[in-house]
Amino acid sequence: MLMLWFLLSNWPLAGMGVTTRIPNNEHDDSPNAALLFFGPVIAASAVLWWIANRPLARRTQLTASRYWLLSFTGIFIPTAVAIAVWP
(Lines give C-alpha, C1' and ligand atoms only; values in the text may rest on other atoms or scores of the structure.)
Protein backbone atom coordinates (compact mmCIF):
# COMPACT_ATOMS: atom_id res chain seq x y z
CA MET A 1 0.00 0.00 0.00
CA LEU A 2 2.87 2.37 0.71
CA MET A 3 4.17 1.83 -2.83
CA LEU A 4 0.78 2.83 -4.17
CA TRP A 5 0.84 5.93 -1.96
CA PHE A 6 4.33 6.77 -3.26
CA LEU A 7 3.09 6.66 -6.84
CA LEU A 8 -0.09 8.62 -6.14
CA SER A 9 1.55 11.27 -3.97
CA ASN A 10 4.35 12.00 -6.44
CA TRP A 11 2.40 12.21 -9.68
CA PRO A 12 -1.38 12.65 -9.83
CA LEU A 13 -1.88 14.14 -6.35
CA ALA A 14 1.17 16.39 -6.73
CA GLY A 15 -0.11 17.48 -10.12
CA MET A 16 -3.41 18.53 -8.49
CA GLY A 17 -1.53 20.38 -5.74
CA VAL A 18 -2.63 18.08 -2.90
CA THR A 19 0.92 16.85 -2.13
CA THR A 20 4.44 17.82 -3.16
CA ARG A 21 6.80 15.74 -5.25
CA ILE A 22 9.94 14.20 -3.81
CA PRO A 23 12.77 16.21 -5.37
CA ASN A 24 15.24 14.30 -7.52
CA ASN A 25 18.48 15.24 -9.17
CA GLU A 26 17.55 14.21 -12.70
CA HIS A 27 14.41 16.36 -12.91
CA ASP A 28 12.64 13.42 -14.55
CA ASP A 29 9.10 13.40 -13.26
CA SER A 30 7.80 10.61 -15.42
CA PRO A 31 6.40 7.70 -13.44
CA ASN A 32 7.36 5.14 -16.08
CA ALA A 33 10.32 3.68 -14.17
CA ALA A 34 8.36 3.56 -10.92
CA LEU A 35 5.35 1.95 -12.62
CA LEU A 36 7.60 -0.58 -14.32
CA PHE A 37 8.83 -1.74 -10.91
CA PHE A 38 5.91 -1.00 -8.59
CA GLY A 39 3.10 -2.05 -10.95
CA PRO A 40 3.93 -5.78 -10.95
CA VAL A 41 4.78 -5.70 -7.24
CA ILE A 42 1.43 -4.10 -6.35
CA ALA A 43 -0.44 -6.50 -8.65
CA ALA A 44 1.34 -9.55 -7.22
CA SER A 45 0.69 -8.38 -3.67
CA ALA A 46 -3.01 -7.87 -4.39
CA VAL A 47 -3.34 -11.31 -5.98
CA LEU A 48 -1.50 -13.02 -3.10
CA TRP A 49 -3.64 -11.14 -0.57
CA TRP A 50 -6.81 -12.25 -2.38
CA ILE A 51 -5.61 -15.87 -2.60
CA ALA A 52 -4.77 -15.91 1.11
CA ASN A 53 -8.11 -14.39 2.15
CA ARG A 54 -10.34 -16.49 -0.09
CA PRO A 55 -10.25 -19.66 2.10
CA LEU A 56 -10.59 -17.58 5.26
CA ALA A 57 -13.67 -15.84 3.90
CA ARG A 58 -15.35 -19.20 3.35
CA ARG A 59 -14.63 -20.47 6.87
CA THR A 60 -15.66 -17.40 8.83
CA GLN A 61 -19.11 -16.85 10.29
CA LEU A 62 -19.23 -13.28 9.00
CA THR A 63 -21.17 -12.42 5.89
CA ALA A 64 -19.05 -12.03 2.77
CA SER A 65 -19.54 -8.27 2.57
CA ARG A 66 -18.63 -7.76 6.22
CA TYR A 67 -15.56 -10.00 5.94
CA TRP A 68 -14.17 -8.18 2.91
CA LEU A 69 -14.94 -4.79 4.48
CA LEU A 70 -12.97 -5.79 7.58
CA SER A 71 -10.16 -7.16 5.41
CA PHE A 72 -9.82 -3.90 3.48
CA THR A 73 -10.04 -1.89 6.70
CA GLY A 74 -7.26 -4.02 8.16
CA ILE A 75 -5.04 -2.93 5.30
CA PHE A 76 -6.00 0.72 5.10
CA ILE A 77 -5.72 1.62 8.80
CA PRO A 78 -1.98 0.80 9.09
CA THR A 79 -1.38 2.42 5.71
CA ALA A 80 -3.17 5.60 6.81
CA VAL A 81 -1.12 5.69 10.01
CA ALA A 82 2.11 5.21 8.06
CA ILE A 83 1.15 7.99 5.63
CA ALA A 84 0.25 10.31 8.52
CA VAL A 85 3.60 9.86 10.27
CA TRP A 86 5.70 9.85 7.07
CA PRO A 87 7.97 12.93 7.10
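Sequence positions, counted from 1, serve as the residue numbers for this chain. Quantities reported herein were computed from a predicted structural model and do not represent experimental measurements.
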Closest heavy-atom pair, S71 versus N53, reported as atoms and distance to 0.1 Å, is OG-OD1, 3.9 Å
same_hphob_cluster(I77, I75) at 4.5 Å side-chain heavy-atom cutoff: no
Would F72 end up clustered with L70 when hydrophobic side chains under 4.5 Å apart are linked, directly or stepwise? yes
Residues which pass side chain to side chain contact (heavy atoms under 4.5 Å, CB included) with W50, listed by chain and number, not counting sequence neighbours: R54, W68
Separation between CD1 of I83 and CZ of F76, rounded to the nearest 0.5 Å: 9.5 Å
Membership question, hydrophobic clusters at under 4.5 Å side-chain separation (ILVMFWY): are L48 and Y67 in the same one? no
Could you give the side-chain donor-acceptor pairs of residues 58-65 under 3.5 Å, partners two or more places apart or in another chain?
residue, atom, partner, partner atom, Å
T60, OG1, L62, N, 3.4
T63, OG1, R66, N, 3.4

